[in-house]
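Input: a single structure, listed below in structure tokens.
In the text below, chain A, chain B and the rest are named by the order of the sequence lines, each starting its count at 1.
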2 protein chains.
Amino acid sequence: MKLSTKGRYGLRAVLDLATNTDNEAIALSQIAERQEISVNYLEQLIAKLRKAGIVNSIRGAQGGYVLAKPADEISIGDILRSLEGDLSPVDCSELNDSDTECSHSDLCVTKYVWKRISDSINDAVDGIMLSELVEESRKIQAEAGITQDNRSKQTC
Amino acid sequence: MKLSTKGRYGLRAVLDLATNTDNEAIALSQIAERQEISVNYLEQLIAKLRKAGIVNSIRGAQGGYVLAKPADEISIGDILRSLEGDLSPVDCSELNDSDTECSHSDLCVTKYVWKRISDSINDAVDGIMLSELVEESRKIQAEAGITQDNRSKQTC
DNA sequence: TTATATCCGAGTAATTTAATAGGAATTAAA
DNA sequence: TTTAATTCCTATTAAATTACTCGGATATAA
């Protein structure tokens with residue numbers, strides 16, 4: 001019942017992009033360096049974000065990525081779902097429209113539990129906007145005076 | 001972000017035990033047969049439930065398992081946490097007291113997100129008591145007239 | 001004494017995750 | 001027009017986790 005690095009790294013990447021933007025495209029290599037994640041791996045994650053319409057890419061030299069929408073119109077739920085797939089605790093055709101067949105849904109009692117969990121997770125993440133995290137991130141950085149030196153490998 | 005078979009099978013096993021009890025110990029082989037889960041694997045799951053004080057075991061012939069407490073005093077949260085470990089979306093020492101060190105917790109912005117998710121999951125599962133599922137299960141079985149024949153392999 | 005159970009730990013197969021790697025396509029700037 | 005910087009895409013691999021299986025020890029009612 002854990003998020004994978006896709007969700008964790010990917011959210012950090014979007015937050016980095018949103019926090020460090022100066023209205024120009026940011027190269028993935030910059031994000032990768034700041035977040036200490038390999039460029040190759042980040043490419044795969046940002047591809048999901050692009051396909052979900054969360055970031056836009058600008059190809060070629062001086063290219064990079066920009067947010068596709070204002071940060072207050074992007075929910076953390078949008079970001080995490082695009083990276084992790086649905087946030088339901090089980091693959092169940094009644095909760096999400098997955099491909100899993102469930103021939104006994106009328107007899108299934110536990111789906112009552114899975115639905116409650118699923119709804120509560122989605123409500124929680126849809127209630128947080130990227131802009132809130134950006135604000136928090138800038139506040140913290142201002143207080144701490146972050147530089148290259150006092151940053152350390154992040155695990156979660 | 002999915003529960004493993006530990007949580008899914010284990011919850012079904014407890015629910016089976018609670019639903020089909022007649023105040024005598026139920027052998028694991030019976031639960032295993034009804035739920036179509038291997039006895040060997042179920043053993044590992046019920047061991048967790050026993051250590052968590054959710055079921056009691058009676059050893060020897062005619063032995064088996066019984067609920068350690070009335071079903072209305074056992075929450076689904078208790079059951080799932082004993083099977084899956086903590087239900088937090090990340091291993092973070094600030095959310096749960098795991099062994100993971102986090103040297104930059106004061107700089108971590110995403111923990112705000114993980115905490116909200118974690119709390120919402122735990123609130124959801126702690127708000128459902130086993131007795132509710134038992135009631136629902138009995139109702140459904142009465143309606144459908146469940147027999148060996150119309151049961152089918154459950155996936156979630 | 002025997003059959004029926006739980007209990008326990010080791011081993012293994014299958015799946016998923018977390019990357020790495022290499023090259024094609026695109027574009028700004030020299 | 002060439003070059004360097006960059007995204008884009010797919011295949012492969014290494015590591016970790018999950019989902020079991022297996023064998024035997026221990027306990028106990030009949």
Side-chain angles (χ1 to χ4, degrees), chain A residues 1-13 17 24-33 35-52 54-68 80 83-86 89-91 98 100 153-156, chain B residues 1-13 17 24-33 35-52 54-68 83-85 89-91 98 100 153-156:
Chain A
M1 199 51 181
K2 294 277 178 275
L3 287 171
S4 69
T5 55
K6 293 198 196 84
R8 303 202 318 272
Y9 293 1
L11 177 55
R12 274 166 55 199
L17 177 61
E24 293 199 350
I26 308 262
L28 208 55
S29 56
Q30 288 179 44
I31 298 175
E33 196 185 4
Q35 299 298 324
E36 300 184 78
I37 301 167
S38 96
V39 183
N40 280 315
Y41 192 42
L42 258 192
E43 272 182 1
Q44 296 178 25
L45 308 186
I46 204 131
K48 289 171 185 281
L49 294 163
R50 183 172 51 79
K51 282 166 192 160
I54 289 167
V55 302
N56 286 334
S57 64
I58 294 139
R59 300 191 67 175
Q62 266 38 49
Y65 294 90
V66 290
L67 288 186
L80 290 179
L83 291 160
E84 293 275 340
D86 72 87
V90 293
D91 277 327
S98 83
T100 311
K153 183 77 178 177
Q154 191 156 352
T155 55
C156 64
Chain B
M1 199 54 179
K2 294 278 178 274
L3 288 170
S4 69
T5 55
K6 293 198 197 84
R8 302 201 320 270
Y9 293 2
L11 176 56
R12 274 166 54 199
L17 177 61
E24 294 199 349
I26 307 262
L28 208 54
S29 56
Q30 289 180 43
I31 298 176
E33 195 183 4
Q35 298 299 324
E36 299 184 79
I37 301 167
S38 97
V39 182
N40 280 314
Y41 192 41
L42 257 192
E43 272 181 1
Q44 296 178 21
L45 309 187
I46 204 131
K48 290 171 184 281
L49 293 164
R50 183 173 51 80
K51 283 167 192 160
I54 289 167
V55 302
N56 287 334
S57 65
I58 293 138
R59 299 191 67 175
Q62 268 35 49
Y65 295 90
V66 290
L67 288 186
L83 292 159
E84 292 274 338
V90 292
D91 277 326
S98 82
T100 311
K153 182 79 175 174
Q154 190 156 351
T155 56
C156 65

Checklist entry - Under 3.5 Å, is there an N or O donor on one side and an acceptor on the other linking the side chain of A:Glu43 and the base of D:dT10? => result no
Checklist entry - Across the strands shown, which category fits B:Leu28 at heavy-atom distances under 4.0 angstrom: base, sugar-phosphate, nothing? => result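 Answer is sugar-phosphate: B:Leu28 comes under 4.0 Å of backbone atoms only.
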With a 4.0 Å limit, can you tell me whether [X] has a side-chain N or O closer than that to the phosphate oxygens OP1/OP2 of [N]?
X: B:Arg8; N: D:dT18; result: no
X: B:Thr5; N: D:dA19; result: yes
X: A:Tyr41; N: D:dA14; result: no
X: A:Ser29; N: D:dA5; result: no
X: B:Ser57; N: C:dC7; result: yes
X: B:Ser38; N: D:dA19; result: no
X: A:Tyr65; N: D:dT6; result: no

Item to check | 5′-ward residue of the pair B:Gly63/A:Gln44 relative to DNA chain C | outcome: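 Result: B:Gly63.
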Item to check | Upstream residue (5' side of DNA chain C) when A:Asn40 and A:Lys6 are each assigned their closest nucleotide | outcome: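 The residue mapped nearer the 5' terminus is A:Lys6.
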Checklist entry - With A:Ser4, which residues qualify under side-chain hydrogen bond (donor to acceptor under 3.5 Å, both in side chains), at least two apart? => result A:Glu84
Item to check | side-chain hydrogen bond (donor to acceptor under 3.5 Å, both in side chains) partners for A:Lys2, two or more places apart | outcome: B:Asp86
Please list each protein N or O that sits under 3.5 Å from an N or O in nucleotides 28-30 of chain C, with the distance.
unit_1 : atom_1 : unit_2  : atom_2 : d
C:dA28 : O4'    : A:Ala61 : O      : 3.4

Checklist entry - Between A:Met1 and A:Gln30, which is nearer to the 5' end of DNA chain D once each is assigned its nearest nucleotide? => result A:Gln30
Item to check | Side-chain donor/acceptor of B:Arg12 to backbone N/O of B:Gln35, under 3.5 Å | outcome: yes
